[in-house]
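Residue numbering restarts at 1 for every chain, and letters A, B, ... go by the order of the sequence lines. A quick note: this is a predicted structure, and the numbers were derived from the prediction, not measured.
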Amino acid sequence: MSSTFGKNPGTKNGGSAMREHVVTSIRLLLSLTALLGLAYPIAVWGAAQLLAAKASSGSFETAEGRVVGSSLIGQKFAAAEHFRSRPSAAGDGGWDATSSGGSNLAPTSRKLADSVKAAVEVVRKDDPAEGPVQADAVTSSGSGLDPHASPAYALRQVARIAAATGLPEPRIRELVARRTEGRFLGLFGEPRVNVLLLNLDVDAAAAERAPAPAPAAAATSDLRQ
Amino acid sequence: MNALPYLKVGVYFLLILALTKPIGLYLERVFTKEPTFLDPILAPLESLLSRLSGIDPKKEQGWRAYTAAMLVFNGAGLLLVYAFQRLQELLPLNPDHLPAVSPALAFNTAVSFVTNTNWQAYSGETTMSHLTQMAALAVQNFLSAATGLALAIAVIRGLTRAESKTIGSFWSDLVRGTLWVLLPVSLVAAIFFATQGVVQDFSGTALVKTLEGGVQKIPGGPMASQESIKMFGTNGGGFLNANSAHPYANPTPATNLLQLALIFAVPAGLTTTLGKMTGKNRHGWAAFWAMSIVFLASTLLAVWSEQRGNPIHHALGVDASVGNMEGKEVRFGAADSALFASVTTSASCGAVNAMHDSLTPLAGLVAVLNIQFGEVIFGGVGAGLYGIFVFIVLTVFIAGLMVGRTPEYLGKKIEAHEVKLAMLSVLVLTFCILGGTALGVSTKAGLAGISNAGPHGLSQVLYAFTSAAGNNGSAFGGLNANSDFYSVAVALAMFFGRFWMIVPIIGIAGSLAAKKRIAETSGTFPVDGPLFVALLVGVILIVGALTFFPVLALGPIVEELLMQAGRLF
């Protein structure tokens, strides 16, 4: 920088002007760091605590007295009696919340086409239905932590969940409908179902019906990828 | 045809149109130091900051002193961001005990945030301590935007003043832009984000047992305060690796719409500020409409392409009605994601709510071309305005050549000196993008970063250098950019793309400020009608398209043709 401006004959006392710039810069930078880097985030934190303590602290959900995850962070569901999350490319096994991200595979990627093909086969086998497979069921999300499924993909899974939990299909459809969120102002975003909250509803409904140990607890040993 | 995706674009555009005038008039009041409703709170804060830093806000600077102050201040910021990263292990607010960031990555990140690029070669949640995020990175989100805003105002002053040696005070412009514009809006937006689910705490990673008994580590931290300025400052550098695709960064369609509005708010408003300060309101609107025409055309193409989806996947039995969902979130879907991709690349923001690497080739083309237009389609905070200023100078120059008159712009003669400087800033961008890409695809170190085969691999390298030189910061994220080659090469592209562009532009402003004002005559080319808008759009398209068409043909265009033919790589 100094060479660009030092050569300039129009700058009087170039050295002392530069010294002044340096001193002012350091003082201003430190003052602004205190304001914008400390006071500002603390003020936002204070206001958030007052207005929305749960939402601003991670939206954690509890069931049977323990935290079971965040309603905003997708997690893996493999048990037959649970609705499934979308495929995840976050981390090696998916749903790694310290490694958020997508597959970053190109539309012409063979690897992507192969994984879509395999996912289509799994969905068709586990949740057979007429017609094409829902796009969200066989693609991984941008974050790898998408907490939602499309209502169409959720409804496709109803028959399997009814068979596994013993709940009647209309009851499960009702749960899906209750958890379906619409577009903002009827226009922005897309309709969606929160998978963790829906599964908590399913567990609660199943527990009500058969007050024995909840079916979900029996399935917790399944940790396969 | 399903009209809903296009309706979203239309309603969003109307929202920006409605915001442009009030924001622009407010900006004009802030920088001409007229009273505003925030003065009771902010005026005392301004005088406190001036006292602490030894600034005399009334002392004006010539363009050289203004530029020197800006460069020294940004240099100091660069060193501070570097120091925070290298020392974070020893500093407080590091609940996950993250180690010091490596020197190459710390250098890359410091340049990235100081230049308002916010290219992120790291994963935020596992690399940066809370203190580094909030006191180093988020502070630069404010200050790089305030720097851009100050420079835009200085350029406008160059147009409004005649026979003047000064173009304002950098210190005063920086402080006023931060206090009156960036801080209040960021504060309100951050609080809204927090109520929607964006995290704002200081805790470390939570270890959670999931419903089916798996283990999940969920990050915490001051995210909301960073997310708002990330968008409003058109920075794009988020707290989390997945950026605005992450549900903690952008949890609902409402937060997504606010993020979209925050990106364009100041860049669009500045067109009104230009009109108001120069006393030519219609000229400001002409700039607005030229930007809007390019924006709407490119956005509609991206939305159409994403909504059409990927025929290779449809053939495998995937539902074609919702569009391409790879790399996208269900709550946004294909259309809102394509809109976001176009807005964030038009505005040099670089935040993403979907993974651009997985966009259909034509939507990826829109993203990269929006940046290659020079980040003037609204552009970054301030950067968009001083960028379009260059194209306006070129437009009146070309119009002048056509009729054989010395070109004039708002009562100032545009002469060889100004045109040379304008071309210099255009060529710097071209050189960084094409030179960097050529280097990337012809060296082992560059090729090693490519993760997708076929023409998409070229697009990945092209996107990286385009994003860096245009100070955008978005990426085809599959590229492994955390290597020494990309850390250094991309950092250099970011540095030259920012400062080698700024210095000639401020030079033009200084030279215009010193000139005499000449009277408008019937021979003066009008800069406010449809003819001017058409010429300006023409110059933007011709410069962008002619420069980059060959490489775009080899990357996204050939990939689109191959995708339609079902070719895989």
Discussion item. Counting only non-hydrogen atoms closer than 4.5 Å, does Leu79(B) touch chain A with its backbone (N, CA, C, O), its side chain (CB onward), both, or neither?
Written reply: neither
Worksheet item: So which part of Val322(B) gets closer than 4.5 Å to some heavy atom of chain A, the side chain, the backbone, both or neither?
Response: side chain
Practice prompt. Among the options Gly309(B), Ala245(B), Gly317(B), Ala76(B), pick out the one with the most heavy-atom pairs lying under 4.5 Å from chain A.
Written response: Gly317(B)
Item to complete: For each of Gln460(B), Met563(B), Lys209(B), Gln196(B), tally heavy-atom pairs with chain A at distances under 4.5 Å, and name the one with the top tally.
Response: Lys209(B)
Worksheet item: Out of Ala475(B), Ala354(B), Ala254(B), Gly454(B), which one racks up the most heavy-atom pairs below 4.5 Å with chain A?
Response: Ala254(B)
Worksheet item: If every non-hydrogen atom of Glu125(B) is compared with every non-hydrogen atom of Ala97(A), which pair is closest and at what distance?
Response: OE2-O, 4.2 Å
Would you list the atom pairs, donor with acceptor, under 3.5 Å between side chains in residues 47-56 of chain A and any protein atom, with sequence neighbours excluded?
from     : atom 1 : to       : atom 2 : distance (Å)
Lys54(A) : NZ     : Glu61(A) : OE2    : 3.0
Ser56(A) : OG     : Ala52(A) : O      : 2.9

Response to the item:
When the 4.5 angstrom heavy-atom criterion is applied to Val352(B) and chain A, the contacting part is neither
Worksheet entry | Stepwise side chain to side chain contact (heavy atoms under 4.5 Å, CB included) test for Phe73(B) and Leu29(A) | CA-CA 8 Å; Phe73(B) 183 74; Leu29(A) 184 63; 4.1 Å; yes
Response to the item:
With chain A, the option among Lys328(B), His246(B), Glu329(B) that has the most non-hydrogen atom pairs under 4.5 Å is Glu329(B)
Worksheet item: Is there a donor-acceptor pair under 3.5 Å between the side chain of Asp336(B) and the backbone N or O of Gly189(A)?
Response: yes
Worksheet item: Considering only heavy atoms from C-beta outward, does the side chain of Val330(B) approach that of Tyr153(A) to under 4.5 Å?
Response: no
Worksheet item: Shortest non-hydrogen contact from Arg51(B) to Arg27(A)?
Response: O-NH2, 3.5 Å
Item to complete: Specify the closest pair of heavy atoms between Ser100(A) and Ala242(B), including all atoms of both residues, with the distance to one decimal.
Response: OG-N, 3.1 Å
Worksheet entry | Ala190(B) portion near chain A, given a 4.5 angstrom heavy-atom threshold | both
Worksheet item: Ser228(B) versus chain A, heavy atoms under 4.5 Å apart: side chain, backbone, both or neither?
Response: side chain
Item to complete: Check whether any side-chain heavy atom of Ile42(A) sits under 4.5 Å from a side-chain heavy atom of Phe202(B), and report yes or no.
Response: yes
Fill in: Heavy-atom closest contact (Gln216(B) atom, Ile73(A) atom, distance)
NE2-CG2, 3.6 Å
Item to complete: Indicate the atoms forming the closest heavy-atom contact of Leu359(B) with Pro107(A), along with that distance.
Response: O-CG, 3.3 Å
Item to complete: With a 4.5 angstrom heavy-atom cut-off, could you sort out which part of Gln140(B) is near chain A: side chain, backbone, both or neither?
Response: side chain
Item to complete: To the nearest 0.5 Å, tell me how far Trp45(A) CH2 sits from Asp201(B) CG.
Response: 9.5 Å
Fill in: From Leu112(A) atom CG to Ile312(B) atom CD1, the distance as rounded to the nearest 0.5 Å
9.0 Å
Practice prompt. Heavy-atom distances under 4.5 Å only: say whether Gln134(A) touches chain B with side chain, backbone, both or neither.
Written response: backbone
Worksheet item: Looking at CG of Asp136(A) and CG of Asp319(B), how far apart are the two atoms once the value is rounded to the nearest 0.5 Å?
Response: 9.0 Å
Worksheet item: Non-hydrogen atoms of chain A under 4.5 Å away: do they reach the side chain of Thr195(B), the backbone, both or neither?
Response: both
Worksheet item: Given a strict heavy-atom distance threshold of 4.5 Å, which part of Arg567(B) is in contact with chain A: side chain, backbone, both, or neither?
Response: backbone
Worksheet item: Taking atom CH2 of Trp171(B) and atom OG1 of Thr24(A), what is their separation to the nearest 0.5 Å?
Response: 5.0 Å
Worksheet entry | Part of Pro191(A) within contact of chain B (heavy atom distance under 4.5 Å) | backbone
Discussion item. Against Leu36(A), only a single residue in Ile229(B), Thr178(B), Leu182(B) fulfils side-chain contact (heavy atoms from CB on, under 4.5 Å); can you say which?
Written reply: Thr178(B)
Item to complete: Check whether Leu143(B) gets within reach of chain A through its side chain, its backbone, both or neither, counting any heavy atom under 4.5 Å.
Response: side chain
Worksheet item: So which heavy atom on Ser225(B) is nearest to which on Pro41(A), and how close?
Response: OG-CB, 3.6 Å
Item to complete: Name the option with the most non-hydrogen atom pairs under 4.5 Å to chain B; the candidates are Thr98(A), Thr108(A), Thr139(A).
Response: Thr108(A)
Practice prompt. Specify which of Val123(A), Val120(A), Leu145(A), Leu196(A) makes the most heavy-atom pairs with chain B at under 4.5 Å.
Written response: Leu145(A)
Item to complete: Go through the atoms of Phe332(B) and report whether side chain, backbone, both or neither lie under 4.5 Å from a heavy atom of chain A.
Response: backbone
Fill in: Options Pro253(B), Ser50(B), Ser53(B), ranked by heavy-atom pairs under 4.5 Å with chain A, top entry
Ser53(B)
Worksheet entry | Leu35(A) CG to Leu49(B) CG distance, which is reported to the nearest 0.5 Å | 6.0 Å
Worksheet item: With a 4.5 angstrom heavy-atom cut-off, which part of Val22(A) approaches chain B: side chain, backbone, both or neither?
Response: both
Response to the item:
Per-residue tally against chain A (heavy atom, under 4.5 Å) across Ala453(B), Ala69(B), Ala315(B), Gly333(B) peaks at Ala69(B)
Worksheet item: Do you know which of Val116(A), Leu187(A), Leu30(A), Val193(A) has the most heavy-atom pairs with chain B at a distance under 4.5 angstrom?
Response: Leu187(A)
Item to complete: Flag the one option from Gly102(A), Ala137(A), Ala106(A), Ser59(A) with the top tally of heavy-atom pairs under 4.5 Å to chain B.
Response: Ala106(A)
Practice prompt. Counting only heavy atoms closer than 4.5 Å, note whether Leu52(B) contacts chain A via side chain, backbone, both or neither.
Written response: both
Worksheet item: Contact part of Glu20(A) toward chain B, heavy-atom cut-off under 4.5 Å: side chain, backbone, both or neither?
Response: side chain
Practice prompt. Would you check if the distance from the ring center of Phe142(B) to the ring center of Tyr40(A) is below 6.0 Å?
Written response: yes
Worksheet entry | Winner by heavy-atom pair count (cut-off under 4.5 Å) against chain B, out of Gly144(A), Pro132(A), Pro147(A), Gly142(A) | Gly142(A)
Worksheet item: Taking 4.0 angstrom as the limit, do Arg86(A) and Glu326(B) come out as a salt bridge?
Response: no
Discussion item. Please report the interatomic distance CZ(Arg331(B)) to CD(Glu190(A)), rounded to the nearest 0.5 Å.
Written reply: 12.5 Å
Fill in: Phe60(A), part contacting chain B, at a heavy-atom distance under 4.5 Å
side chain
Fill in: Ala149(A) versus chain B, the contacting section by heavy-atom distance below 4.5 Å
backbone
Item to complete: Can you tell which part of Val208(B) gets under 4.5 Å to a heavy atom of chain A, answering side chain, backbone, both or neither?
Response: side chain
Worksheet entry | Verdict with supporting geometry, Phe569(B) and Arg110(A), side chain to side chain contact (heavy atoms under 4.5 Å, CB included) | CA-CA 5 Å; Phe569(B) 294 93; Arg110(A) 184 179 303 281; over 6 Å; no
Worksheet item: In terms of heavy-atom proximity below 4.5 Å to chain A, should Ile218(B) be classed as side chain, backbone, both, or neither?
Response: both
Discussion item. Please classify the contact of Gln61(B) with chain A as side chain, backbone, both or neither, using a heavy-atom distance under 4.5 Å.
Written reply: side chain
Discussion item. Just to verify, what does Phe84(B) make a ring pair (Phe, Tyr, Trp, His ring centres under 6.0 Å) with, not counting sequence neighbours?
Written reply: none
Worksheet, complete the sentence: Note: vs chain B, highest number of non-hydrogen pairs under 4.5 angstrom among Ile26(A), Leu32(A), Asp96(A) is Leu32(A)
